[in-house]
Amino acid sequence: MPNPTVSAIVPIKLHSRRLPNKNFLNLNGKPLCAYIFEALMEVNGVDNIYCYSSSASYMHLFDERISHLNRPPHLDGDTIKAR
């Protein structure tokens with residue numbers, strides 16, 4: 001039986017009311033959200049890593065192995081929870 005393809009999908013909101021620009025704050029020279037992508041790239045068995053976001057405009061900040069998966073903009077609202 002062939003091995004299944006394993007994908008990691010990381011939801012990234014562009015705006016945060018409590019801490020503006022939270023996911024893109026600089027932490028030791030890179031955006032905060034870059035750390036989760038770097039950790040996922042080290043996991044054996046994860047074949048694809050997706051940034052699930054309403055904009056691809058900041059994808060240049062991440063490793064080229066991270067792909068953008070378009071997220072509807074209405075999911076960026078303050079009442080939307082990622083669980």
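Since this is a predicted model, take the numbers as computed values, not measurements.
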If you look at every heavy atom in [X] and [Y], which pair is closest and at what distance?
X     : Y     : value
Met59 : Ser67 : CE-C, 3.8 Å
Ser55 : Leu14 : CB-CD1, 3.6 Å
Arg71 : Pro11 : NH1-CB, 3.4 Å
Ser54 : Pro73 : CB-CA, 3.8 Å

Contacts satisfying salt bridge (Lys or Arg N to Asp or Glu O under 4.0 Å) that involve residues 45-63 (not counting sequence neighbours) are Asp63-Arg65
Residue pairs meeting salt bridge (Lys or Arg N to Asp or Glu O under 4.0 Å), one or both in residues 29-40, sequence neighbours left out, come to Lys30-Glu38
Tell me, do Ile66 and Val10 make a side-chain contact under 4.5 Å, heavy atoms counted? no
Side chains of Pro31 and Tyr58 in contact at under 4.5 Å (non-hydrogen atoms): no
Ring pair (Phe, Tyr, Trp, His ring centres under 6.0 Å) pairs touching residues 30-53, sequence neighbours excluded, are Phe37-Phe62
Say whether [X] and [Y] are linked into one hydrophobic cluster, either directly or through other cluster members, by side-chain heavy-atom distances under 4.5 angstrom.
X     : Y     : result
Leu25 : Leu61 : no
Ile49 : Phe24 : yes
Leu40 : Ile9  : no
Met41 : Ile12 : yes

